[in-house]
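Here's the structure, in structure tokens; my notes come after.
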There are 2 protein chains.
Amino acid sequence: MKSEHIPKATIGRLAVYIQVLENLLRDGNEVISSEKLARACSVNSSQIRKDLAYFGEFGVRGVGYYVQELITSIKASLGIDRVWKCALIGVGNMGSALLRHHDFEKRGFKICAAFDCDPDKIGLEFEGMEIVCPTHLKEQAPELNLEIGIIATPPDRAQRAANHLVDANIKGIINFAPSRINVPKHIPVEYVDFFDHLYAIAFQITLGTD
Amino acid sequence: MKSEHIPKATIGRLAVYIQVLENLLRDGNEVISSEKLARACSVNSSQIRKDLAYFGEFGVRGVGYYVQELITSIKASLGIDRVWKCALIGVGNMGSALLRHHDFEKRGFKICAAFDCDPDKIGLEFEGMEIVCPTHLKEQAPELNLEIGIIATPPDRAQRAANHLVDANIKGIINFAPSRINVPKHIPVEYVDFFDHLYAIAFQITLGTD
DNA sequence: CCAGTCATGTGAATTTTTTAACAAGTGGAA
DNA sequence: TTCCACTTGTTAAAAAATTCACATGACTGG
Ligand SMILES: NC(=O)c1ccc[n+]([C@@H]2O[C@H](COP(=O)([O-])OP(=O)(O)OC[C@H]3O[C@@H](n4cnc5c(N)ncnc54)[C@H](O)[C@@H]3O)[C@@H](O)[C@H]2O)c1
Ligand SMILES: NC(=O)c1ccc[n+]([C@@H]2O[C@H](COP(=O)([O-])OP(=O)(O)OC[C@H]3O[C@@H](n4cnc5c(N)ncnc54)[C@H](O)[C@@H]3O)[C@@H](O)[C@H]2O)c1
């Protein structure tokens with residue numbers, strides 16, 4: 001039962017399923033039931049079946065799901081069965097950690113260009129990439145086929161970085177800076193905010209305590 | 001209309017409200033209506049009023065919300081009107097970036113101890129803190145009053161790190177490693193996963209494209 | 001081949017979350 | 001003082017997401 005609108009929460013869970021399924025595969029599991037997968041992901045098993053049903057039928061009744069096959073299917077459903085080329089703006093603490101983190105490439109998100117406006121950083125080589133000024137984004141994006149922009153500048157520079165990305169016809173943006181940005185609404189933006197999680201933990205602890 | 005159960009999504013939005021309100025305050029705004037705040041956060045204004053209603057009445061009819069006061073109220077509601085002491089496990093790429101990121105402290109989450117099992121790292125000083133072996137967690141946690149554990153080890157070490165944290169009576173855990181961990185269920189765990197957001201962007205771009 | 005067991009996919013029931021609508025309260029102008 | 005333009009807090013309605021429940025198909029052992 002394929003469907004057109006898919007809840008945002010479903011996408012988040014699919015990311016979890018992939019994570020758990022990959023660990024299962026590594027441990028030698030070839031088949032898994034929605035019930036067992038559900039326990040490993042701390043969700044309801046109907047939830048899993050429903051989430052998958054948005055995209056197609058991937059299981060075998062009476063048997064379960066073939067792990068490798070399911071991973072492949074989910075990835076294809078999400079559109080991550082290919083390489084997405086990314087541009088990083090802001091090579092500070094966070095940006096450097098991202099560049100050094102090779103999981104991105106392993107999972108199909110390759111950071112192909114790094115931009116920073118600090119004259120001391122421009123020209124430096126980092127992880128095999130030359131750091132360049134964001135004004136070059138517009139010419140480099142089509143050359144390198146950059147599709148996703150990753151903002152890791154200070155918050156008051158995030159909008160400027162976003163403008164460069166929009167100007168370069170980037171298709172989607174991840175913003176690590178704690179500030180909202182305005183972009184044309186056909187460009188999806190995702191905000192990564194650790195404090196969100198810290199607040200959630202603090203709140204849950206506080207709830208339990210008093 | 002105070003309430004007992006609060007949706008998880010509400011907590012996430014409160015984090016956004018704080019972010020936007022702090023920027024508003026910096027720009028000199030003293031009062032804001034739910035309508036304007038809603039626009040800045042890309043949500044519905046009823047949503048904001050409802051989210052706030054879970055915790056109390058913070059606005060003035062016909063006027064709006066006093067920005068500073070609202071920030072203070074939200075923080076008190078979430079339990080982040082105090083300092084939470086954190087322990088970091090795993091001082092690699094990610095862990096170092098976190099230690100160098102002084103926003104944590106500014107926002108009330110102070111990383112007071114850093115643990116790593118790498119003999120080459122143990123004993124080193126980093127950001128004014130000595131890196132120690134995780135086996136010392138149990139003795140240091142009560143001494144330093146550590147309440148929240150931050151896991152930044154490789155994924156296959158996350159469970160081990162979690163065990164140390166549980167053993168040290170930590171009250172909540174943030175896990176940056178892409179693997180699920182098992183802990184007693186009175187201990188809240190939050191998973192920080194960038195891929196979640198990358199997948200969401202890739203999916204949204206793919207949707208629009210075809 | 002049949003009976004019994006297991007586990008998916010899915011419509012229906014339930015629960016939760018979001019949005020709309022409005023009564024009630026505020027402050028300023030006339 | 002009275003009106004008017006605003007904006008909150010809250011109830012009611014709508015929409016969305018989650019969970020249940022089971023018919024349907026798959027495999028196993030006898
Ligand atoms: N470091 C962390 O652990 C962490 C955690 C959560 C969020 N963040 C957020 O990530 C962002 C970056 O953090 P950081 O610790 O790397 O800060 P940082 O100061 O180390 O790095 C910021 C970098 O951005 C560059 N920059 C500034 N303006 C620019 C512009 N207009 N165009 C291109 N580059 C520009 C600076 O030159 C600098 O290299 C911040 O918004 C921060 O709040 C960081
Ligand atoms: N670097 C990033 O940008 C990034 C982004 C997203 C997620 N992550 C995740 O964060 C985690 C850390 O990433 P990283 O890039 O810092 O890796 P890293 O290899 O640089 O650092 C890992 C650190 O953990 C230490 N460690 C290993 N086992 C340990 C144990 N049992 N107890 C204590 N310390 C232990 C290692 O000695 C090392 O210092 C990984 O799980 C990674 O997937 C990193």
Side-chain angles (χ1 to χ4, degrees), chain A residues 1-17 20-21 24 29-74 77 196 200 203, chain B residues 1-17 20-21 24 29-74 77 196 200 203:
Chain A
M1 194 261 280
K2 293 216 189 183
S3 172
E4 61 295 353
H5 171 75
I6 285 123
K8 190 83 171 258
T10 290
I11 305 298
R13 281 189 299 266
L14 289 177
V16 175
Y17 303 159
V20 171
L21 287 167
L24 283 169
N29 298 277
E30 297 191 350
V31 182
I32 184 119
S33 70
S34 62
E35 192 59 47
K36 289 214 188 81
L37 180 57
R39 254 193 303 273
C41 301
S42 310
V43 301
N44 182 294
S45 66
S46 294
Q47 184 79 81
I48 291 187
R49 297 199 296 277
K50 182 73 84 180
D51 283 338
L52 296 176
Y54 285 123
F55 298 96
E57 303 189 6
F58 305 123
V60 183
R61 288 170 194 223
V63 179
Y65 301 90
Y66 293 98
V67 179
Q68 176 59 70
E69 208 173 283
L70 184 54
I71 293 173
T72 306
S73 302
I74 296 178
S77 302
D196 181 350
F203 179 60
Chain B
M1 193 261 280
K2 292 216 189 183
S3 172
E4 62 294 355
H5 170 77
I6 284 124
K8 190 83 171 261
T10 290
I11 305 298
R13 281 190 300 266
L14 290 176
V16 175
Y17 304 159
V20 171
L21 288 167
L24 283 169
N29 299 277
E30 297 192 348
V31 182
I32 185 119
S33 70
S34 61
E35 192 58 46
K36 289 215 188 78
L37 181 57
R39 252 193 304 274
C41 300
S42 309
V43 300
N44 183 295
S45 67
S46 292
Q47 184 79 80
I48 292 187
R49 297 200 296 278
K50 174 76 80 177
D51 283 338
L52 297 176
Y54 286 124
F55 299 96
E57 303 189 5
F58 306 123
V60 183
R61 289 172 194 224
V63 179
Y65 301 91
Y66 293 98
V67 179
Q68 176 59 70
E69 208 173 284
L70 184 55
I71 293 172
T72 307
S73 302
I74 296 178
S77 302
D196 181 350
F203 179 61

[X] has an atom [atom1]; how far is it from atom [atom2] of [N], in whole Å?
X: A:Asp51; N: C:dG9; atom1: CG; atom2: C1'; answer: 13 Å
X: B:Lys36; N: D:dC6; atom1: NZ; atom2: C1'; answer: 10 Å
X: B:Ile48; N: C:dA20; atom1: CD1; atom2: P; answer: 14 Å
X: B:Glu57; N: D:dT8; atom1: CD; atom2: C1'; answer: 9 Å
X: A:His5; N: D:dT18; atom1: NE2; atom2: C1'; answer: 14 Å
X: A:Tyr54; N: C:dG11; atom1: OH; atom2: C1'; answer: 13 Å
X: A:Phe58; N: C:dG9; atom1: CZ; atom2: P; answer: 9 Å
X: A:Asn44; N: C:dG9; atom1: CG; atom2: C1'; answer: 14 Å

Among the candidates D:dA17, D:dT18, C:dT18, find the nucleotide nearest to the side-chain atoms of A:Pro7. D:dA17
Check every atom of D:dT19, D:dT10, C:dT8 against the side chain of A:Ser33 and return the nucleotide holding the closest atom. C:dT8
On a heavy-atom basis, which atom in B:Ser34 and which in B:Ser45 lie closest, and how many Å separate them? O-CB, 3.7 Å
Test log, rule side-chain contact (heavy atoms from CB on, under 4.5 Å), inputs B:Tyr65 and B:Arg49: CA-CA 10 Å; B:Tyr65 301 91; B:Arg49 297 200 296 278; 3.7 Å; yes
I would like to know whether A:Lys8 and B:Phe203 meet side-chain contact (heavy atoms from CB on, under 4.5 Å); could you show each step before the answer? CA-CA 10 Å; A:Lys8 190 83 171 258; B:Phe203 179 61; over 6 Å; no
Treating primed atoms plus P, OP1 and OP2 as sugar-phosphate and everything else as base, which nucleotides of nucleotides 23-30 of chain D get B, S or - for protein heavy atoms under 4.0 Å? -BBSS---
On the nucleotide [N], are OP1 or OP2 found under 4.0 Å from the side-chain N or O atoms that [X] carries?
X: A:Arg49; N: D:dT18; result: no
X: A:Tyr65; N: C:dG9; result: yes
X: A:Ser34; N: C:dT8; result: yes

Using a cut-off of 4.0 Å on non-hydrogen atoms, how would the nucleic acid contact of B:Ser46 be classed: base, sugar-phosphate, or nothing? base
Check whether any side-chain heavy atom of B:Val31 lies under 4.5 Å from a side-chain heavy atom of B:Val60, and answer yes or no.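 No; the side chains remain at least 4.5 Å from each other.
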I would like to know whether B:Ile6 and B:Asp51 meet side-chain contact (heavy atoms from CB on, under 4.5 Å); could you show each step before the answer? CA-CA 9 Å; B:Ile6 284 124; B:Asp51 283 338; over 6 Å; no
Can you list the steps and then say if A:Glu69 with A:Ser73 is a side-chain hydrogen bond (donor to acceptor under 3.5 Å, both in side chains)? CA-CA 6 Å; A:Glu69 208 173 283; A:Ser73 302; 5.8 Å; no
With side-chain contact (heavy atoms from CB on, under 4.5 Å) as the test, would you mind laying out the steps for A:Ile74 and A:Leu52 before giving the verdict? CA-CA 8 Å; A:Ile74 296 178; A:Leu52 296 176; 4.1 Å; yes
